[in-house]
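Okay, so here's the structure we're looking at.
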Amino acid sequence: MYKPKILLRGSSEKISSAEIVGKISFRGAAERGEFIIPSSAEAAENFVLNEGDFKIFLDGEEISVAGLRKILDGAADYIVFESHDEFLLRFRELYALKLIDRVVTLPTLLNYAADNFFSLNNAVQIFNLIHALKLPRTLDADGFFAKNDYYMFPDLNCKIAGVANEDYPALENFYSEIYSSLAECRFKFFDALLLTNERTPEEFIDALIETDDLSENILTFARKNSALEKFLAANENAFEKILRFGAVNGHWFLLKKIVRADFACYVVTHKDARLETLPDGYKIIHAGHALSKKNFGYLGDDGGENISRLNPYLNEITALYWLWKHTRHNFIGFVHYRRFFTTDGENFLSESEAKEILRENDIIVSDCKFGYIALYDWKIMLSGKKLAEKVIATIRKYIAARQPEYLAAYDRVTNSFGVFCYEIFITRQKIFEAYCEWLFSFIIDATEEILATTEIENSDDPREYRAISFVAEHLMTVWLIKNRLKIKTLPIIFRENI
């Protein structure tokens, strides 16, 4: 736990939340019966102390201003006044000596410096740096701006999000988004992460691991001569780039991680897709390859751990399973040989376009489709009442057992009029992983039960043997609305002639 080192002006022998490294006292205007009140801001800035007008004593021994600055250069964090009255009496003299950034009253120390070095100038500096470095969508992971009273600024129009609890009022005046914990941000991605609480190197490494998927950039503060400052200096090669910005009692650091940003958008097909040219990053995968009589030379979904044999009943989901088990990309997409995302109505969505969209959004899906009848009734029209109700009820039973917190969302989507169609998307790896972990925690077992208790396997009517897939393709909508992701919808290019 952070324990600031202080030079105390007061009589206390012990302050539990701080380490007293010396007792300090002063002699100046107050002792001459003067109270310095500048007549204007200009006068305040131009106020000059004459030599000998102000004396400083540490543990009874007189020291120079230079000597005090040296002590404040790592041996002590603050000069702390127990008395508000004396703080006000000394304020102008300490301001003139450019020491005021290191001077606080005891209540300020206890209220503002519990877990990090406190300086309003540092707070202003990092706010300006965030914008100068073009990192507007920064996540304030430690609630730094809330602790520094930025909730009092409703007109800054910033995109900074914050992790903060209810101890700080009116946070919405400053933060664009407020999260109660880091766990609530797990599917988000930010321009930078602001870590300001005092941490040991080991704790800092743990924080980097915990937040690894949230951003490629870390903004942090390290006090002069602290263990963290020494750690960063000794481990520069652990980062792609480190930028330092001088601050009160230390530096602000921008740490750019060494990351790969590979992109793969898989085009799922069950036939010759006739796609001789595709944008960079697009790859074709043959769904149901284990059952196919033809090999088109594409990547198959039947290597290693797979569910390719279930393709007639789950369709493209068997390819989704294979990708989940056998690939890892920073950005991953899943489209069909007949359906591709577009922004202009003519060209497939490019890698650069997708990455740019995902800077401020969590996932790209197809435009929501609305109908005049509810999905429940639509499934009955497709597969017949008895079979459709069996499929809907069985999947519901497995969700209730394996993912009960999603049951209300499943019921809502089942009876809704709108849905994100086709099981196609582009997103970041962590969201892809989370969705697949959820989906495959129940859909395979639900499918096996449906196959064992119906005649689907013996049917040659696609409206019947595809009854499970008709429901399963809408499960992404269930997951999306439950997790409240920031969704970007795009139109689709249809290749109906294939």
Side-chain angles (χ1 to χ4, degrees), residues 2-15 17-114 116-126 147-149 198 221 223-226 245-252:
Y2 174 53
K3 198 165 187 177
K5 297 178 180 180
I6 67 172
L7 301 175
L8 180 67
R9 175 59 187 132
S11 58
S12 295
E13 295 300 321
K14 185 176 181 180
I15 299 173
S17 60
E19 179 185 351
I20 301 173
V21 296
K23 292 291 190 75
I24 196 166
S25 60
F26 308 95
R27 187 178 304 156
E31 285 69 30
R32 296 192 298 272
E34 304 170 10
F35 183 47
I36 304 170
I37 305 177
S39 57
S40 65
E42 182 179 1
E45 291 296 330
N46 294 331
F47 174 73
V48 177
L49 281 175
N50 296 317
E51 186 175 354
D53 281 354
F54 190 71
K55 295 183 181 294
I56 305 167
F57 301 89
L58 181 62
D59 295 328
E61 298 292 327
E62 184 175 357
I63 61 172
S64 65
V65 173
L68 178 56
R69 288 202 178 101
K70 187 174 182 180
I71 293 169
L72 292 171
D73 199 23
D77 296 316
Y78 307 95
I79 300 169
V80 177
F81 281 83
E82 275 191 313
S83 167
H84 277 281
D85 291 342
E86 186 176 1
F87 169 74
L88 294 174
L89 285 173
R90 304 294 185 194
F91 181 87
R92 177 49 51 196
E93 293 161 310
L94 292 168
Y95 186 94
L97 295 173
K98 302 186 185 308
L99 292 170
I100 202 62
D101 273 330
R102 309 298 291 277
V103 180
V104 296
T105 63
L106 185 56
T108 296
L109 178 79
L110 300 178
N111 291 333
Y112 288 85
N116 61 271
F117 177 76
F118 168 74
S119 164
L120 289 178
N121 277 344
N122 283 359
V124 172
Q125 182 184 14
I126 193 59
K147 296 171 186 176
N148 284 277
D149 296 345
E198 187 89 3
F221 177 79
R223 289 181 300 112
K224 286 182 181 177
N225 299 320
S226 67
F245 305 92
V248 178
N249 195 29
H251 289 85
W252 284 111

**OP:** Indicate yes or no: at least one non-hydrogen side-chain atom of Ile63 is less than 4.5 angstrom from one of Ile71.
**Re:** yes
**OP:** Indicate yes or no for a side-chain donor-acceptor contact from Glu93 to the backbone of Arg27 under 3.5 Å, with no hydrogens or angles considered.
**Re:** no
Original post:
Looking at Asp77 and Phe117, what are the two nearest heavy atoms and their distance?
Top reply: O-CE1, 3.6 Å
Subject >> Short side-chain to backbone donor-acceptor contact, Glu82 and Ser11, under 3.5 Å >> reply: yes
**OP:** Could you tell me whether Lys23 and Glu61 have a side-chain N and a carboxylate O separated by less than 4.0 Å?
**Re:** no
Original post:
Which distance, rounded to the nearest 0.5 Å, do you find between the CG of Leu109 and the CD1 of Ile6?
Top reply: 6.0 Å
Subject >> Heavy-atom side-chain contact between Ile126 and Phe221 under 4.5 Å >> reply: no
Original post:
Taking all non-hydrogen atoms of both residues, which atom of Tyr112 and which atom of Asp149 are closest, and how far apart?
Top reply: OH-OD2, 2.9 Å
**OP:** Taking Ser83 for its side chain and Glu86 for its backbone only, find out whether a donor-acceptor pair lies under 3.5 Å.
**Re:** yes
Original post:
In Å, rounded to the nearest 0.5 Å, how long is the span from CG of Leu99 to CD1 of Ile79?
Top reply: 5.5 Å
Original post:
For the side chain to side chain contact (heavy atoms under 4.5 Å, CB included) test, which of Ile56, Leu58, Val103 pairs with Leu7?
Top reply: Leu58
Subject >> pair Pro4-Glu198: side-chain heavy atoms closer than 4.5 Å >> reply: no
**OP:** Report yes if the side chains of Asn148 and Leu120 come closer than 4.5 Å at any heavy-atom pair, otherwise no.
**Re:** yes
Original post:
Mind checking whether Leu68 and Leu97 have side chains closer than 4.5 Å, heavy atoms only?
Top reply: no
Subject >> Shortest non-hydrogen separation from Ile20 to Ser12 and the atoms involved >> reply: CD1-O, 3.9 Å
Original post:
Do you know which two heavy atoms are closest between Ala113 and Phe118, and how far apart they sit?
Top reply: CB-CB, 4.1 Å
Subject >> Asn225 side chain to Ala75 backbone, donor-acceptor under 3.5 Å >> reply: no
Original post:
How long is the gap from NZ on Lys5 to CZ on Arg223, to the nearest 0.5 Å?
Top reply: 7.0 Å
Original post:
Rounded to the nearest 0.5 Å, how far does CD of Glu62 lie from NZ of Lys55?
Top reply: 4.5 Å
Subject >> Separation of Thr105 OG1 from Leu110 CG (nearest 0.5 Å) >> reply: 8.5 Å
Original post:
Can you name the nearest heavy-atom pair linking Asp53 to Arg32, along with the distance?
Top reply: O-NH1, 2.9 Å
Subject >> Arg9 side-chain N/O to Phe87 backbone N/O, donor-acceptor pair under 3.5 Å >> reply: no
**OP:** Apply side chain to side chain donor-acceptor pair (under 3.5 Å) to the pair Asn249 and Tyr78, showing each step before the final yes or no.
**Re:** CA-CA 9 Å; Asn249 195 29; Tyr78 307 95; over 6 Å; no
Original post:
Are any of the side-chain heavy atoms of Phe81 and Phe26 separated by less than 4.5 Å?
Top reply: yes
Subject >> Gap between atom CG of Asn122 and atom CZ of Phe245 - 0.5 Å precision >> reply: 13.5 Å
